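Single-structure report; data block below.
Values below: all heavy atoms of this structure, side chains included; hydrogens, waters and symmetry mates excluded. Every value quoted in this text rests on a predicted model; they were computed, and no experiment measured them.
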Amino acid sequence: MSSTQVLEAQLTAGSKIYQKLQDDFTKAVESRQRLDAQKSENESVKKEFETLTSGNKVYKLVGPVLLRQENDEAKANVANRLELINGEIKRVETQINDITKKLEEKKMELVHIQTQIQQIQQTNASESASSSIAGKGRAIQQTGV
């Protein structure tokens, strides 16, 4: 197997890895967007809870049924949810940063492999041209021109 074929195989394998990293990145970004939406929704609920008085009643939807819930319990649940969402956002942000770093490294690796392939092809082309020119020179000398 020639060095060009080896490099092309590495390029193909590296491209597949790069594509998987891009897919993982897309999934992580989508997850981050969902978490942002959940966070926004829960922050809105938290703001509404701040306007409640002791006379207001809070109900929680459980399946098809609305159940009465204590105001303090509802506020605590929303605060806990926000805490969990913020933790998950931090985890996904770390994941996005890691994937971005891996994508950049893989991209540089693929560019390096492509450069090596091009250099080999250019070297082979110039060697072919040199031997072709040398062959024509010998043919001219043999014919006596």
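- Every residue two or more places apart in sequence or in another chain that forms a side-chain hydrogen bond (donor to acceptor under 3.5 Å, both in side chains) with Asp24 is listed here: Lys20.
- Formation of a donor-acceptor pair under 3.5 Å by the Ser31 side chain with backbone atoms of Lys27 is not found in this model.
- Checking Glu93, Glu88, Gln95 one by one against Arg32, the side chain to side chain donor-acceptor pair (under 3.5 Å) holds for a single residue, Glu93.
- Here the OH-CG distance, from Tyr18 to Leu11, works out to 12.5 Å after rounding to the nearest 0.5 Å.
- When hydrophobic clusters are built by joining Ile, Leu, Val, Met, Phe, Trp and Tyr residues whose side-chain heavy atoms come closer than 4.5 Å, directly or via intermediates, Val29 is grouped together with Leu103.
- Between Thr12 atom OG1 and Leu7 atom CG the span is 10.5 Å, to the nearest 0.5 Å.
- In terms of modelled atom types and a separation under 3.5 Å, the side chain of Asn56 and the main chain of Thr53 share a donor-acceptor contact.
- For NZ of Lys102, the number of neighbouring non-hydrogen atoms (other residues, nucleotides, ligands) closer than 6.0 Å is 12 at most.
- Proximity of Phe25 to Ile96: side-chain heavy atoms (C-beta onward) are separated by under 4.5 Å at one or more points.
- Grouping the Ile, Leu, Val, Met, Phe, Trp and Tyr side chains by contacts below 4.5 angstrom, directly or via other members, places Leu61 with Tyr59.
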Could you walk me through whether Gln69 and Asn77 pass the side chain to side chain contact (heavy atoms under 4.5 Å, CB included) test, one step at a time?
-> CA-CA 11 Å; Gln69 190 174 29; Asn77 285 343; 2.8 Å; yes
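- The hydrophobic clustering, which links ILVMFWY residues whose side-chain heavy atoms are closer than 4.5 Å, places Leu110 and Ile17 together.
- You'll find the side chain of Glu104 stays beyond 4.5 Å of the side chain of Thr100, heavy atoms only.
- Rounded to the nearest 0.5 angstrom, Arg81 CZ and Asn42 CG are separated by 5.0 Å.
- Expressed to the nearest 0.5 Å, how far OG of Ser2 lies from CD of Glu8 amounts to 7.5 Å.
- No continuous path of ILVMFWY side-chain contacts below 4.5 Å connects Ile89 to Val45, so the two sit in separate hydrophobic clusters.
- Between the side chain of Ser126 and the main chain of Gln122, a donor-acceptor pair closer than 3.5 Å is present.
- Within 6.0 Å of CD on Gln22 lie more than 12 heavy atoms contributed by other residues, nucleotides or ligands.
- The salt bridge (Lys or Arg N to Asp or Glu O under 4.0 Å) contacts involving residues 44-71 comprise Arg68-Glu70, where partners must be two or more places apart or lie in separate chains.
- Taken to the nearest 0.5 Å, the CD atom of Glu41 stands 10.5 Å off from the CG atom of Leu82.
- The heavy-atom pair separating Val92 from Leu35 by the smallest distance is CG2-CD1, 3.8 Å.
- From Asn86, atom CG reaches atom CD of Glu83 across 8.0 Å, with rounding to the nearest 0.5 Å.
- Leu21 and Ile99 get closest at one heavy-atom pair: O-CG2, 3.5 Å.
- Sorted by first and then second residue, the salt bridge (Lys or Arg N to Asp or Glu O under 4.0 Å) pairs with a member in residues 108-123 read Lys106-Glu109; sequence neighbours excluded.
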